[in-house]
Amino acid sequence: MFENLERMLIHYPWKVNKKPKTTNMRKGKYSTNVGLTCHWAKPGKPMLPSKEMIDNNAEIYNECKMLFPEHEFDCIMINKNFACPPHKDVNNRDDSIIIGFGDYSGGELVIEGEPVDIYWCPMIFNGHEKEHYVAPFEGERYSIVMCKSKFLAAR
């Protein structure tokens, strides 16, 4: 079911995130949004395709929409070997879906102190309300997070 999505992540042309307005935890990491974005994160501004969504011809976005038609989302964060520290998603609202891919061990998503194995197993959780982080891991770990921006609600 997720073979094509995993293949897309493995073959994605990853670049280190150097965007000046990105969150500090994503700077210098392989982490980017291949969904819609608010240029730049201001209520009332239009949600538009990110540069990465355009460069990817919306292939990852469309694949996620096909796999999860019942879940409303506008942003899709893709990550490679990104062990995010404990945080809450301040710009998200409602539930997100996260899935892990690759050849790795460890790397559980820890939500409010409880580890959850997300390898090929979608997890729905509210990252705005619940603190979460990635446990240490070895190998090549990819993840994809489908979420709703609080800025979409402000339109």
Side-chain angles (χ1 to χ4, degrees), residues 1-102 107 109-112 116 118-134 141-155:
M1 176 174 186
F2 300 120
E3 293 87 355
N4 195 42
L5 190 53
E6 181 177 55
R7 191 170 23 262
M8 288 176 174
L9 292 175
I10 291 170
H11 296 294
Y12 185 80
W14 293 97
K15 295 178 188 166
V16 170
N17 192 330
K18 294 181 182 177
K19 294 179 183 168
K21 292 186 179 181
T22 194
T23 61
N24 282 335
M25 81 173 167
R26 294 190 186 283
K27 282 184 183 168
K29 309 292 183 195
Y30 294 110
S31 178
T32 195
N33 177 13
V34 294
L36 301 177
T37 186
C38 188
H39 299 274
W40 195 90
K42 301 260 192 255
K45 295 280 186 180
M47 296 292 289
L48 299 169
S50 66
K51 178 186 180 311
E52 291 75 12
M53 182 179 186
I54 293 167
D55 290 348
N56 182 249
N57 296 316
E59 288 180 6
I60 293 173
Y61 187 86
N62 291 337
E63 183 75 10
C64 291
K65 286 289 188 185
M66 183 191 73
L67 289 168
F68 300 97
E70 72 290 347
H71 189 74
E72 183 184 343
F73 58 87
D74 48 61
C75 298
I76 298 179
M77 296 304 300
I78 61 172
N79 307 290
K80 176 182 177 184
N81 297 332
F82 178 41
C84 65
H87 70 286
K88 290 184 180 179
D89 300 324
V90 297
N91 290 327
N92 294 2
R93 65 181 179 96
D94 302 328
D95 288 338
S96 299
I97 298 178
I98 185 169
I99 313 171
F101 299 100
L109 177 67
V110 182
I111 304 171
E112 300 282 310
V116 179
I118 60 166
Y119 178 75
W120 275 56
C121 186
M123 173 69 188
I124 298 174
F125 76 107
N126 189 319
H128 179 77
E129 294 178 354
K130 298 183 180 205
E131 185 177 78
H132 55 284
Y133 65 93
V134 174
R141 183 185 185 276
Y142 300 88
S143 66
I144 189 162
V145 182
M146 294 156 269
C147 55
K148 286 187 274 189
S149 168
K150 71 179 182 181
F151 302 108
L152 183 64
R155 293 193 299 166

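These values consider heavy atoms only, across backbone and side chains, with no hydrogens, waters or symmetry-generated copies. Given the structure is predicted, the values throughout are model-derived calculations rather than measurements.
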Any side-chain heavy-atom pair of Glu131 and Glu112 under 4.5 Å: yes
Closest non-hydrogen atom pair between Phe82 and Arg141, with its separation: O-NH1, 4.0 Å
Separation of Ser96 OG from Lys148 NZ (nearest 0.5 Å): 8.5 Å
Side-chain heavy atoms of Met66 within contact of Asn62, under 4.5 Å: no
Option among Ile111, Val116, Asn126 that satisfies the side chain to side chain contact (heavy atoms under 4.5 Å, CB included) test with His132: Ile111
Reported CG-to-CD1 distance for the pair Leu109 and Ile98, which is rounded to 0.5 angstrom: 5.0 Å
Candidate pair Lys88 and Lys130, rule side chain to side chain contact (heavy atoms under 4.5 Å, CB included), full reasoning: CA-CA 6 Å; Lys88 290 184 180 179; Lys130 298 183 180 205; over 6 Å; no
Minimum heavy-atom distance Ile144-Ile60, with the two atoms named: CD1-CG2, 3.6 Å
Between CD on residue Glu70 and NZ on residue Lys65, distance to nearest 0.5 Å: 10.5 Å
Sub-4.5 Å side-chain heavy-atom contact between Ile76 and Met53: no
Verdict with supporting geometry, Thr32 and Lys15, side chain to side chain contact (heavy atoms under 4.5 Å, CB included): CA-CA 9 Å; Thr32 195; Lys15 295 178 188 166; over 6 Å; no
Shortest non-hydrogen separation from Tyr61 to Phe73 and the atoms involved: OH-O, 3.6 Å
Point-to-point distance, once rounded to the nearest 0.5 Å, from CZ of Phe125 to CD1 of Ile118: 8.5 Å
N/O donor-acceptor pair under 3.5 Å between Ser50 side chain and Asn33 backbone: yes
Closest contact, heavy atoms only, Asp89 versus His128: O-ND1, 2.9 Å
Evaluation steps, side chain to side chain contact (heavy atoms under 4.5 Å, CB included), between Glu52 and Tyr12: CA-CA 10 Å; Glu52 291 75 12; Tyr12 185 80; 3.6 Å; yes
Exercise: identify the closest heavy-atom pair between Met1 and Glu3: N-OE1, 2.7 Å
Chi angles and distances behind the side chain to side chain contact (heavy atoms under 4.5 Å, CB included) call for Val16, Tyr30: CA-CA 5 Å; Val16 170; Tyr30 294 110; 3.8 Å; yes
Nearest heavy atoms of Pro122 and Ile99, plus distance in Å: CA-CG1, 3.8 Å
Trp14 and Tyr142 aromatic ring geometry - parallel, tilted or perpendicular at 30°/60° bounds: tilted
Donor-acceptor contact below 3.5 Å, side chain Asp74 vs main chain Leu36: no
Point-to-point distance, once rounded to the nearest 0.5 Å, from CG of Asp95 to CD of Glu129: 8.5 Å
Distance (rounded to the nearest 0.5 Å) between His11 NE2 and Glu59 CD: 12.5 Å
